[in-house]
Amino acid sequence: MNQSRGNWSSNLGFILAATGSAIGLGNLWKFPFITWENDGGAFVLIYLICIAAVGLPIMMGELLIGRKTQKSPVGALREAIGPIWGWVGAWGVIAGFVILSYYAIVAGWSLLYFTKAVGWSLQGFPDVLDAGSAFGELAGNGSKQLILTGLFLGMTVGAVYFGVHNGIERVARISLPILFVILLLLLLSALSMSGSRDALTFIFRPNFSELDSGSVLMALGQAFFSLSLGMGAMITYGSYVARNRSIVNAAGVIVILDTLIALSAAIIMFSVIFTVPGMTEQVEGSAVGMLFIALPELFYDVVPFGRFLGPLFYVLVALAALTSTISLLEVVVSYVIDEVKISRPRATIVSGGLTFVLSILAALSLGAVPALSNFEFFAGKPGVFNTLDHFAANWMLPTGGLLVTLGVGWFMSRQSTESELIDENTPSWFDYRLWRFCIRYIAPVAVTAIVISVILGHDFS
Ligand code: TRP
């Protein structure tokens with residue numbers, strides 16, 4: 001093993017970092033929104049099935065490739081499966097770079113809304129504020145966007161710069177407990193609201209008459225994004241796991257925590273929405289709307305302890321996003337360190353800087369610069385920001401995920417995957433034959449269905 005690569009200091013450190021990668025804007029921002037769009041219950045049930053039958057097996061697959069080879073995605077896939085598979089790793093590195101460039105923009109807004117919420121808590125929410133146009137103004141304000149995005153990328157670079165143990169793991173160890181506590185407080189407050197009953201019914205009572213095949217594919221796409229699968233993030237994090245530690249249990253914990261957080265976020269938002277008369281009609285349109293337009297005012301109107309919870313909510317969003325942007329940048333940086341062979345500090349600064357260049361284009365494409373905002377490469381997805389999101393979520397992750405699944409299931413020998421997953425630490429709930437069945441048949445078929453539906457024009461972003 002190459003000693004200079006660094007390792008997680010403990011199993012807990014690894015689990016927290018990987019869970020931090022998984023929990024992010026996908027849980028807090030996308031999941032409630034698409035659950036809303038797909039009429040709740042039945043969609044949530046399908047999502048849970050996708051997580052268990054496709055997400056969990058692929059999570060184990062990515063982690064095992066990383067742990068086995070102790071390399072970043074390109075070298076790992078090359079060594080574990082074959083030389084040509086390095087290209088799949090490279091595809092993942094590009095995906096990390098692309099996702100990071102626009103994800104950091106939304107993450108940056110949470111910093112601004114935190115400071116705003118502190119002001120509102122101290123001075124009262126202004127009666128005349130039109131939250132929708134305030135948000136529109138921010139979106140179109142190029143210099144504000146650049147400062148916020150730059151700040152967030154700076155924080156991300158700051159963590160990755162110090163390495164696996166002193167940077168990434170340390171941030172996760174501090175952030176995740178805070179995140180869980182804030183979420184618990186929000187959940188308690190939400191459950192005390194009169195709308196919480198309707199919210200729980202909406203989320204947990206399946207009504208299959210509302211479900212179409214588009215929803216099934218949407219659930220699968222969301223499972224991928226939320227678990228950070230399909231682009232080598234979990235290969236990278238797995239590569240810092242010492243060879244004698246079980247990844248089966250870790251995968252189980254990561255998947256369960258990620259799912260609980262997504263469900264909690266949905267319960268919190270829908271409890272608020274169902275409590276306010278007329279709100280259900282207002283909540284359509286964008287998911288961003290829920291976080292940055294509808295919620296701010298509601299904290300000061302209806303949420304119990306809202307003055308206290310409002311600012312904390314944006315701390316939650318920022319921390320959840322930070323542990324995710326860290327994992328996205330780490331995929332790129334670990335590739336640069338291993339393949340270009342430069343030091344971590346240099347690799348981090350170069351990768352972060354290049355990402356910022358792409359971010360600038362995306363940040364200015366939300367209204368600030370018309371030429372960047374209005375062109376349509378994909379129909380209905382105007383501007384650089386939407387184009388990147390659509391390309392990454394709809395094209396890059398499913399294709400990358402499909403290739404990884406096929407690689408692990410069909411191109412690695414049974415013996416080599418079995419010896420990675422089964423050892424004296426393997427928990428008794430794990431069944432290797434079931435895993436292999438999922439990774440060889442269920443996951444590829446399901447992911448192929450996504451890819452085909454994207455080709456036929458379905459949108460998951
Ligand atoms: N999983 C994160 C979220 O839900 C986003 C994310 C981080 C991601 N790293 C990733 C998505 C790698 C895909 C691949 O917000």
Side-chain angles (χ1 to χ4, degrees), residues 17-35 47 50-51 55 58-59 62-63 66 72-73 88-89 91-107 109-110 152-153 156 159-160 168 171-172 175-176 179 183 219-238 254-255 257-266 287-288 291 316-335 355 388-404 447 450 460-461:
T19 306
S21 165
I23 296 171
L25 298 171
N27 305 59
L28 303 175
W29 169 56
K30 271 190 172 173
F31 182 75
F33 173 62
I34 60 174
T35 299
Y47 176 76
C50 292
I51 288 279
I58 297 184
M59 172 73 71
E62 286 205 17
L63 290 175
S72 60
V88 178
W91 186 236
V93 172
I94 298 170
F97 173 67
V98 169
I99 297 174
L100 180 57
S101 74
Y102 69 85
Y103 197 96
I105 296 172
V106 181
W109 297 338
S110 66
F152 209 90
L153 279 176
T156 309
V160 173
I168 301 174
V171 173
S175 303
L176 268 98
L179 189 148
L183 204 80
L220 196 56
Q222 172 65 15
F224 257 84
F225 188 85
S226 192
L227 294 174
S228 304
L229 298 175
M231 43 78 69
M234 290 299 162
I235 297 181
T236 309
Y237 275 20
I254 298 163
V255 166
L257 286 176
D258 184 69
T259 308
L260 286 178
I261 302 289
L263 292 173
S264 306
V288 190
L291 284 191
L316 166 75
V317 177
L319 289 179
L322 180 63
T323 47
S324 296
T325 54
I326 286 175
S327 87
L328 289 162
L329 183 61
E330 177 61 20
V331 172
V332 181
V333 167
S334 71
Y335 162 77
T355 310
L388 293 178
D389 183 28
H390 182 86
F391 184 62
N394 286 349
W395 290 94
M396 303 198 80
L397 296 183
T399 48
L402 177 60
L403 290 168
V404 169
V447 183
I450 300 192
F460 295 100
S461 61

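For ligands, and for the atoms within them, numbers begin at 1 and follow the listed sequence. All values below were derived from every heavy atom in this structure, side-chain atoms included, with hydrogens, water molecules and symmetry-related copies excluded. Throughout, residue positions are numbered sequentially from 1 according to the sequence presented.
No side-chain donor from either of Thr323 and Ser175 sits under 3.5 Å from a side-chain acceptor of the other.
Taking both residues in full, the closest heavy atoms of Pro73 and Val331 are given as CG-CG1, 4.2 Å, listed atom of the first, atom of the second, then distance. Scanning all heavy atoms of the two residues, the minimum distance from Ala318 to Phe152 falls at O-CZ, 3.6 Å. Heavy-atom minimum distance, Ser264 versus Leu183: CB-CD2, 3.6 Å.
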Measure from every N or O atom of ligand 1 to the protein's N or O atoms and keep only the pairs below 3.5 Å, writing each with atom names and distance to 0.1 Å.
from, atom 1, to, atom 2, distance (Å)
ligand 1, 1 (N), Ser21, O, 3.2
ligand 1, 1 (N), Ala22, O, 3.0
ligand 1, 1 (N), Phe225, O, 2.9
ligand 1, 1 (N), Ser226, O, 3.1
ligand 1, 1 (N), Ser228, OG, 3.0
ligand 1, 4 (O), Ala22, O, 3.0
ligand 1, 4 (O), Gly26, N, 3.3
ligand 1, 4 (O), Asn27, OD1, 3.4
ligand 1, 9 (N), Ser228, OG, 3.3
ligand 1, 9 (N), Ser327, OG, 3.2
ligand 1, 15 (O), Leu25, N, 3.0
ligand 1, 15 (O), Gly26, N, 2.8
ligand 1, 15 (O), Tyr103, OH, 2.4

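Residues Thr355 and Leu153 have side chains in contact (heavy-atom distance under 4.5 Å, counting atoms from C-beta outward).
Using cut-offs of 30° and 60° on the angle between ring planes, the pair Trp91 and Phe391 is perpendicular.
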